[in-house]
Amino acid sequence: MINSKKDTKPNLESNYDEMRARLLHWYDSEGRTLPWRIRPEDRAAGKNADPYAIWLSEIMLQQTTVAHGTPYWHKFLNEFPTVTDLANAERETVLSLWAGLGYYARARNLHKCAVIIRDDYNGQFPNSEAELLKLPGIGAYTAATMAAICFDEATNIVDGNVERVISRIFTIEEPLPKGRKDIRKMAGALASPQRTGDYGQALMDLGAMICTPRSPNCSKCVWQDYCSAFAAKTQLEYPKKAPKKSLPIRYGVVFIAIRGEAVLLETRPDNGLLGGMLGLPGTDWAEGGFPTDPMNHAPFKGDWQAVNGEVRHVFTHFDLRLAVYRAVFDEKDISIGHNGLWADSSQRKGLPTVFKKALKAI
DNA sequence: GAGCCGTGGTA
DNA sequence: TTACCAAGGCT
């Protein structure tokens, strides 16, 4: 449902060229400086974006703030200067370096994709949106953005920022996620066929810096004249979203077995939550309260002592409360199974945040 | 297509 | 504290 109140809407289509020009001009003078980004003046001087560096940034910034992801981008580029270096690394090394960034399927797919680029693409990323889309971890957004930034393909870049801007400009009434269809259509009609990569990044910058979710700075917006939501003073109502369900609470127990400076960890199953990552041994995490028989889930018998308090951690689709037990062991011959590992402090850096919290609780 | 999949910052 | 949000992709 686009422009349901047709009589109150300006005729935007005749203004598209002016809108593109204003946005690109704003980007050239006030867009963000990001370490992987080639500024327009550099590109004019013949400098091209490195697809590997752009790919790394795009994967890392999926559902992740620039502030949180940027240190990881530097770390990965320093550790793995080329995509072949990344492919040649052990997967567990890659997952360990990813620890703390979240959405760990991204790290599994990152390494899988690097191997494909090394083995099937001669170490070079394919140069079209359609080919990029075939690679693991690269979806509609990332393929469109890489193709535009790296290969100047005229794609339709739509991320969360663009959704917000476009939904306000055109007052898209259909709530997300169904409203994405209309938003994509309008974004595609408006997208610039020239400087397509800069245009996409400019629109994302506009969303991140000006057309923000809670306090948009409309007085500084180069599209204010064309914004239906601004005209109606309804900016904060967009994008309209379907109501969210409250998070259920899951409960679990983890065991911290200590031997000298080492702590027992285990590698989690490859699929599902925190798949392939290191973790503490313990129970499943389920609704309905803490397990009534925690000792039955201990990795082995011992003098397990309950740690005061509980560890709380919020995941995307549930709220977790963990009870923590600890015990100290002297024996050198405790059987820890094939997934077990007596991990030193360096190895513990490869733990997802939820387990680092549990270790910090003792 | 709706549910699954992390974490840290902010109001 | 609670709720929402941030450069999505996969199944």
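In what follows, every chain begins at residue 1, and chains take the letters A, B, ... in the order their sequences are listed. Just so it is clear, the model here is predicted, and its values are computed rather than measured.
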Below 4.0 angstrom, N of the basic side chain to O of the carboxylate: do [X] and [Y] qualify?
X	Y	result
Lys240(A)	Glu174(A)	no
Glu18(A)	Arg20(A)	no
Asp205(A)	Arg37(A)	yes
Lys185(A)	Asp182(A)	no
Asp28(A)	Arg195(A)	yes

When you compare [N] with [M], how far apart are their [atom1] atoms, in angstrom units rounded to a whole number?
N	M	atom1	value
dG6(B)	dC5(C)	C1'	13 Å
dG3(B)	dA7(C)	C1'	22 Å
dC5(B)	dA6(C)	C1'	15 Å
dG1(B)	dC10(C)	C1'	12 Å

- Contact residues, residues 351-362 of chain A to DNA chain C [heavy atom, < 4.0 Å]: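 By residue number: none to list.
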
Expressed in angstrom and rounded to an integer, what is the separation of [X] atom [atom1] from [N] atom [atom2]?
X	N	atom1	atom2	answer
Ile59(A)	dC10(C)	CD1	C1'	12 Å
Ile249(A)	dA3(C)	CD1	P	11 Å
Arg312(A)	dT1(C)	CZ	P	7 Å
Tyr72(A)	dA7(C)	OH	P	18 Å
Lys241(A)	dA3(C)	NZ	C1'	12 Å
Met60(A)	dG9(C)	CE	C1'	16 Å
Arg108(A)	dC10(C)	CZ	C1'	10 Å
Leu206(A)	dA7(C)	CG	C1'	15 Å

Would you indicate what [X] reaches in the nucleic acid, counting non-hydrogen atoms under 4.0 angstrom: base, sugar-phosphate, or nothing?
X	result
Lys181(A)	nothing
Trp73(A)	nothing
Lys178(A)	nothing
Arg180(A)	nothing
Gly272(A)	sugar-phosphate

- Query: Where along residues 98-106 of chain A does a heavy atom fall under 4.0 Å from DNA chain B?
  - Reply: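 Going residue by residue through residues 98-106 of chain A, the ones with a heavy atom under 4.0 Å of DNA chain B turn out to be Gly100(A), Leu101(A), Gly102(A), Tyr103(A), Tyr104(A).
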
- Item | Within residues 131-159 of chain A: residues closer than 4.0 Å to DNA chain B (heavy atoms) |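 The stretch gives none, as no residue of it lies under 4.0 Å from the strand.
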
- Message: Using the salt bridge (Lys or Arg N to Asp or Glu O under 4.0 Å) criterion, which residues pair with Asp270(A)? Sequence neighbours excluded.
- Response: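 Expected list: Arg91(A).
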
- Query: Should the pair Arg250(A) and Trp285(A) be classed as cation-pi, given the thresholds of under 6.0 Å to the six-membered ring centre and 45° from the axis?
  - Reply: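 Ring-cation test returns no.
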
- Tell me which of Gly275(A) and Pro177(A) sits closer to the 5' end of DNA chain B, going by the nucleotide each one is nearest to.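 Of the two residues, Pro177(A) wins.
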
- Message: If you assign Phe318(A) and Thr65(A) each to the DNA chain B nucleotide with the nearest heavy atom, which residue ends up on the more 5' nucleotide?
- Response: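 Per heavy-atom nearest nucleotide, the more 5' residue is Phe318(A).
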
- Under a criterion of less than 4.0 angstrom to any heavy atom of chain A, what are the 5'-terminal and 3'-terminal contacting nucleotides of DNA chain B?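 First and last nucleotides in contact are dG3(B) to dA11(B).
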
- Query: dC5(C), dA7(C), dG8(C): which one has an atom nearest the side-chain heavy atoms of Gln62(A)?
  - Reply: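 It is dG8(C).
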
- Fellow cluster residues of Leu236(A), listed by chain then number, with links counted only when side-chain atoms sit under 4.5 Å apart: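 In the cluster with Leu236(A) there is nothing else; it is isolated.
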
- Query: Which one of Trp98(A), Tyr52(A), Trp55(A), Trp36(A) satisfies the ring pair (Phe, Tyr, Trp, His ring centres under 6.0 Å) criterion with Phe76(A)?
  - Reply: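 Going through the options one by one, the only one that passes is Trp98(A).
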
